[in-house]
There are 2 protein chains.
Amino acid sequence: MATPDRPGFALPLLMLAGFRTLIDDLHAELARQGHPDLRPVHGFVLQAVGMAGTTASELGQRLGVSKQAAGKTVDRLVALGYLDRADDPADARRKLVRLTDRGLDGLRRSAVVFDQLRDRWAATLGADRVAAIEDDLRTVAQPNFFRLDVPGWFGT
Amino acid sequence: MATPDRPGFALPLLMLAGFRTLIDDLHAELARQGHPDLRPVHGFVLQAVGMAGTTASELGQRLGVSKQAAGKTVDRLVALGYLDRADDPADARRKLVRLTDRGLDGLRRSAVVFDQLRDRWAATLGADRVAAIEDDLRTVAQPNFFRLDVPGWFGT
DNA sequence: ACTATCTCGTCAACCACGTTGACTATCTTA
DNA sequence: TAAGATAGTCAACGTGGTTGACGAGATAGT
């Protein structure tokens with residue numbers, strides 16, 4: 001890393017580098033485990049869909065993008081076999097977006113790999129330092145997107 | 001934040017949230033200071049160009065993208081008045097990409113704002129915690145992109 | 001019950017940012 | 001000098017985002 005004389009520049013650069021390291025490692029491992037076409041954005045979408053399923057509009061709200069953008073991303077993930085659409089019997093306008101078995105598999109494997117990556121960081125830095133980073137970021141970071149009030153994503 | 005039972009998921013989500021918080025705050029402030037058309041990617045490009053200027057190919061290497069992608073980004077920043085192109089008298093193939101006065105102004109203001117944002121985090125978390133986050137990320141994050149071996153970006 | 005309004009999904013046009021492949025012009029080296 | 005490497009650009013394309021418009025269906029008010 002270059003160390004500019006302005007210290008503040010290091011913070012966003014390192015945050016980005018840390019995030020990209022995790023994501024790149026995740027997708028390298030997912031590709032090895034049979035999910036080579038899963039792209040960085042897709043993981044967040046699969047999480048946002050959740051076990052209960054959702055609609056394109058609500059998905060857009062959860063991800064902080066327009067409903068049209070969410071719809072197009074759902075199209076791609078449907079084509080890849082990770083999501084499917086079903087009519088809502090209670091409301092003919094809505095189309096329920098749900099995880100397929102493949103989508104669920106990708107999500108579960110992501111969770112496992114993220115755990116392993118966190119363990120790797122903990123082995124280098126110490127578990128307390130990793131937890132401290134998480135606590136600190138929880139304090140200062142504003143999650144104005146990916147707000148998921150869906151409990152038990154990976155539950156039983 | 002939702003807290004999934006898999007703890008590893010919190011780490012990338014929080015890293016992303018932290019990064020986006022910094023970037024969103026930066027651009028809100030830059031827009032206030034006369035740079036409303038500066039987008040998140042542009043800051044990194046301006047840094048990678050540096051005071052000495054560079055070429056599209058080298059810029060692509062620094063940013064970890066193809067020379068064509070770098071060239072197109074330079075096109076946009078030229079159109080916005082942040083960069084210009086000049087012929088290299090020593091090599092007729094090369095076109096030197098340089099910061100304009102406006103580009104330099106945007107870069108300097110970014111540095112100032114990032115310093116202020118870092119101070120804000122330090123006021124909340126404590127300066128030692130912020131420094132610890134930076135140290136830890138320097139240890140585990142692999143900066144396979146934005147490698148800038150250019151000293152003195154914002155020098156004298 | 002009917003009308004006005006809101007919401008959901010979709011289509012179209014567009015922009016930003018990335019890719020690969022091909023090509024010309026130019027420098028470098030064997 | 002011929003062969004090869006490099007710089008920039010063009011074209012075609014993929015992905016992820018935007019806004020605006022629109023029809024179909026649900027809902028609230030009189």
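Any value given below was found using the heavy atoms of this structure, including those in side chains, with hydrogens, waters and symmetry copies removed. Lettering of chains follows the sequences in order, A, B, ..., and the numbering in each one begins at 1.
The separation between B:Arg62 atom CZ and D:dA7 atom C1' is 15 Å, rounded to whole Å. Taking atom CG on A:Leu96 and atom P on D:dG25, their separation rounds to 18 Å, with Å as the unit. Between A:Gln61 atom CD and C:dC8 atom P there is a gap of 8 Å when expressed in whole angstrom units. When the P atom of C:dC15 is taken as reference, atom CG of B:Leu77 falls 17 Å away, rounded to whole Å. The interatomic distance linking B:Leu63 (CG) with C:dA16 (C1') rounds to 15 Å, in whole Å. In this structure, the CG atom of B:Asp87 is 10 Å from the P atom of D:dT9, given to the nearest Å. B:Leu59 places its CG atom 13 Å from the P atom of D:dT9, with the value rounded to the nearest Å. Look at CG on A:Leu83: it is 16 Å from C1' on C:dG9, rounded to the nearest Å.
Position along DNA chain D of the nearest nucleotide to B:Asp91 versus A:Arg93 favours B:Asp91 as the more 5'-ward residue.
By the neighbour-count criterion of 12 heavy atoms within 6.0 Å, atom CG of A:Asp101 is sparsely surrounded, having that number or fewer from other residues, nucleotides or ligands.
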>> Set out, in order, the CA-CA distance, both residues' side-chain angles and the distance that settles side chain to side chain donor-acceptor pair (under 3.5 Å) for A:Asp105 and A:His35, then state yes or no.
In response: CA-CA 9 Å; A:Asp105 182 68; A:His35 294 281; 2.7 Å; yes

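The backbone N or O of B:Gly8 lies less than 3.5 Å from a partner atom in the side chain of A:Asp115, making a donor-acceptor pair.
Listed pair A:Arg39 / C:dT19 fails the phosphate criterion, with no side-chain N or O lying under 4.0 Å from OP1 or OP2. B:His42 has no side-chain polar atom (N or O) that falls below the 4.0 Å cut-off from OP1 or OP2 of C:dA16. Close to C:dG9, at under 4.0 Å from its OP1 or OP2, lies a side-chain N or O of A:Ser57. For C:dC17, one of the phosphate oxygens OP1 or OP2 lies less than 4.0 angstrom from a side-chain nitrogen or oxygen of B:Arg76.
When the nucleotides D:dA5, C:dG18, C:dT10 are ranked by their closest atom to the side chain of A:Lys95, C:dT10 comes out on top. Considering only the side chain of B:Lys72, C:dG18 comes nearest among C:dG9, D:dG16, C:dG18. Nearest to the side-chain atoms of B:Lys67 among the listed nucleotides D:dG17, D:dA7, C:dC27 stands D:dA7. Nearest to the side chain of B:Ser66, among C:dT7, C:dT19, D:dT9, sits C:dT19.
For the side-chain contact (heavy atoms from CB on, under 4.5 Å) with B:Leu22, the qualifying choice from A:Val140, A:Leu16, A:Leu11 is A:Leu11, the only one to do so.
Pairing for D:dT30 goes to C:dA1, judged as Watson-Crick or G-U wobble with the two contacts each under 3.5 Å.
In this model, no side-chain donor or acceptor of A:Gln68 finds a partner on the base of D:dG16 within 3.5 Å.
Here B:Ala69 lies in heavy-atom contact (under 4.0 Å) with a base.
When the ring pair (Phe, Tyr, Trp, His ring centres under 6.0 Å) test is applied to B:Phe114, the partners found at least two apart in sequence or on another chain are A:Phe9.
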